[in-house]
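Because the structure is a prediction, the values reported are computed rather than measured. Every chain is numbered from 1 and lettered A, B, ... according to where its sequence line falls, protein lines coming before strand lines. Heavy atoms only: backbone and side chains are in, while hydrogens, waters and symmetry mates are out.
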There are 2 protein chains.
Amino acid sequence: MSANEKGEKVKIIEPRTLKGFRDFLPEMMIPREILIDRVSSVYRSYGFAPIDTPVLEYLEILSGKGSDETDKQLYQFEDNGGRKVGMRFDLTVPFARFSAQHLAELPLPFKRYHLAKVWRGENTQAGRYREFMQCDFDTIGTTSSFSDVETALVINDIMERIDLKTNNSFTRFQIHLNSRKILTGLLEKLDIPDKAVPVLRALDKLGKIGREKVAEEMIAAAGIPSDKANSILDLVLLENSDNESVLNHLEKTLSGNENGLDGVSVLRQILDAASSLGIPKDRFVLDISIARGLDYYTGTIFETFLTDLPKIGSVCSGGRYDNLAGLYTKQTLPGIGASLGMDRLFAALEELGMVEKTSSPVQVLIACFDKNLTNEYLKIGSDLRKIGIGAEIYPEPKKLGIQLKFADRKGFACVLVIGSSEWERKIVQVKNLKTGSQDEVSITDLPDYLKKVL
Amino acid sequence: MSANEKGEKVKIIEPRTLKGFRDFLPEMMIPREILIDRVSSVYRSYGFAPIDTPVLEYLEILSGKGSDETDKQLYQFEDNGGRKVGMRFDLTVPFARFSAQHLAELPLPFKRYHLAKVWRGENTQAGRYREFMQCDFDTIGTTSSFSDVETALVINDIMERIDLKTNNSFTRFQIHLNSRKILTGLLEKLDIPDKAVPVLRALDKLGKIGREKVAEEMIAAAGIPSDKANSILDLVLLENSDNESVLNHLEKTLSGNENGLDGVSVLRQILDAASSLGIPKDRFVLDISIARGLDYYTGTIFETFLTDLPKIGSVCSGGRYDNLAGLYTKQTLPGIGASLGMDRLFAALEELGMVEKTSSPVQVLIACFDKNLTNEYLKIGSDLRKIGIGAEIYPEPKKLGIQLKFADRKGFACVLVIGSSEWERKIVQVKNLKTGSQDEVSITDLPDYLKKVL
């Protein structure tokens, strides 16, 4: 209980966030924004354009579009106008609706990225959140394998830029490649083309139950002869000695099958392009075991793993599909895309020490030593901003010790101290909080000095 | 009706957005992101740090915190766990909750900005949306007038950068200044200090019903003697010949009253600082008629008007308050801030022709002339990106006419055409879509050439 202005007792409402929801304080938000900015820059540099869609959609647009699980997790309600509405649970369904709705306005091929929050009321154990950020990019309206190559290169470019601490090119990751057409082709060659769904369902359990049990499931549940089940498992579990041998092996196994060879040919084009651009040989790995989704993906498939944190799973996944928006339009929209798991990636970067901790967006604090010099402090701040150096000015002439403690806690690099004697001599005392040193710098030399030390 | 893969009839769901909600296509989103980036850069350059809060809050945090109207407009529902929740209708209430909740982690003074969507189920006529973007910045934990000065300068800096077409410093705007303490002081001097609420309520109608009717309301509803009502109206409707005369007049009228003189002194500091930084004299206008909110604001008040579109009202408004988070914590948190009406401002920029129309985030299209040169196109694209020139590559070897039409429709500046004969000679045909001219450029000279023409 607290008292309001009239002296009445006022009940304090406990300030809290919903389970599974988070506030982002500056020390978390500043590096997140840097990551978002870097990722967006890569997308844009390839011609992917930003779009946005509403958080709320008609319920019929969203429900029944993901899995049974996403339906259960959907935040849905009736609005004041009696409409049944829901909060988006991913960015793919809204993009499908968007593409169908604006088809006439979109020059094809259409390349977009969408970086936004989505909501799922899932169980919150183990770092799962009910509000999280997705970051999708897609090319629709073309079946050209060029877009498969480009998608692989965009993933590579993004991943190379995720070190938020050193700004060095990051290399400790691998992009796994597969094509759904390889399995399709093999099933065609084995004369069981209609068994894709139960086979994929069984293969999905490989990590959990192992080869023997998966083979049993294929035989029992899908009615596949034992030798064919083993052929499938042999191919899926193919050891990757090197990409070239895998390609050769696949071409031999699938010889004569158009679908299968087509899938392999696209993978070869990706590897060739990567090699011709000087991307390290071990960056892309052929991995026939990755499947991603039972029905949605139809061609190339991508998953991206951090070498030092393989357990967390793929941080950027995607693939080619035949038809994005069949539920909303008769026009077939083939495409390819991938999604960066922003929150999972960010948690990984923190664990790997790749995030610079600061709660200040600028590195320079101008101390307030003499309130009569306010306009002079403002002028120094304004001049620094003009040359691209952000500066905060402490608002009150508190004890210098308090201001230095504030600067230290927030992670400023330098504090500029200017009293009347300094101002008369047109100099600044610069305290470097990282080294502990102090320099006397003339105001005219300040920009060059700061450019050097920051 | 449409047919799925198995030939079954599938009902097409009509792709549509909810009333009052919008999709943002690239031609709208690209300039919006530029505006957002410029605004955020200004905030950050002054040391305002980004934060974010959940879209959903406990209903008790949100309800009863705005007006009766915002309560009615609130998107609220019960989640799957039976919690009463609501979607935020502004960024101030979540910031108050956030500040109370994280007080121990926030070094004071705390400066934050928050750029995010909010939702209100309002009537949708006249360009009102139910989902729109707010863009708030605040300094809390200090009563220093320095922060009043800084807030004014931040608004000015943002507004100077809103011309998205020419990149010139924008000047066609004015920031109106007032202080709630002026009216408080006058009421104290008139011995009616408890009449602030009905007086403000009456003054709020000045634009609609005029001076006479407002005077009548003050006399009838608030029981204020006619001469005092007229003194109030004389001050509020003071013609602004020039800021200095207004300040002198205010100082005379309020002489001996601490509150009033204090308010005037802060306004004087803002005008002094602006003048010492060389900001044009007519940029800030003293305007005693702006009131903004009955109870919330307690000191300096800001409103910002576009000279060429005064009708649309203030595009950036704010002020000083005594206590941000009294509903959620016993600790008093004084502060000052303002909110940029992103959607209103953007609509105004479009109306004023200050938005560059393009649906491509890059200016260069590399045409696909010969599929065998794919890796060469990729290398040229990659080299351009490394020097900061984004480039899109057309994914298929379609007819050049189709590719040029695509480029034209999307607003690319240049198309690079490279066939096998060009590649052998290590040259590029550059079609400039703005001038219609075509140049033959050697691949080594391409970066310099493009830097010149773009």
(request) Against chain A, work out which of B:R44, B:R385, B:M29 has the most heavy-atom pairs shorter than 4.5 Å and name it. (result) B:R385
(message) Please determine whether side chain to side chain donor-acceptor pair (under 3.5 Å) holds for the pair A:K398 and B:S144, giving the CA-CA distance in whole Å, both sets of side-chain angles, and the decisive distance to 0.1 Å.
(response) CA-CA 11 Å; A:K398 285 203 176 158; B:S144 170; over 6 Å; no
(message) Using heavy-atom distances under 4.5 Å, tell me whether A:M87 contacts chain B through its side chain, its backbone, both, or neither.
(response) side chain
(message) Taking side chain as everything from C-beta outward and backbone as N, CA, C, O, which of these in B:F48 sits under 4.5 Å from a heavy atom of chain A? Side chain, backbone, both or neither.
(response) backbone
(request) In plain terms, say whether B:D52 and A:R22 are close enough for a salt bridge, that is, a side-chain N and a carboxylate O under 4.0 Å apart. (result) no
(request) Could you check which of B:S382, B:S360, B:S145, B:P50 has the highest count of heavy-atom pairs closer than 4.5 Å to chain A? (result) B:P50
(request) Measure B:V85 against the heavy atoms of chain A and call it side chain, backbone, both or neither at under 4.5 Å. (result) side chain
(request) Applying side-chain hydrogen bond (donor to acceptor under 3.5 Å, both in side chains), name anything that partners B:S147, two or more places apart in sequence or on another chain. (result) none
(request) Identify which part of A:R83 has an atom lying under 4.5 Å from any heavy atom of chain B, answering side chain, backbone, both or neither. (result) side chain
(request) Among the options A:R32, A:K410, A:E396, pick out the one with the most heavy-atom pairs lying under 4.5 Å from chain B. (result) A:E396
(request) Please work out whether the ring planes of A:F77 and B:F77 are parallel, tilted or perpendicular, with thresholds of 30° and 60°. (result) parallel
(request) Name the region of B:Q76, side chain, backbone, both or neither, that has any atom closer than 4.5 Å to a heavy atom of chain A. (result) backbone
(request) Using a strict cut-off of less than 4.0 Å between a Lys/Arg side-chain nitrogen and an Asp/Glu carboxylate oxygen, indicate whether B:R16 and A:E60 qualify as a salt bridge. (result) yes
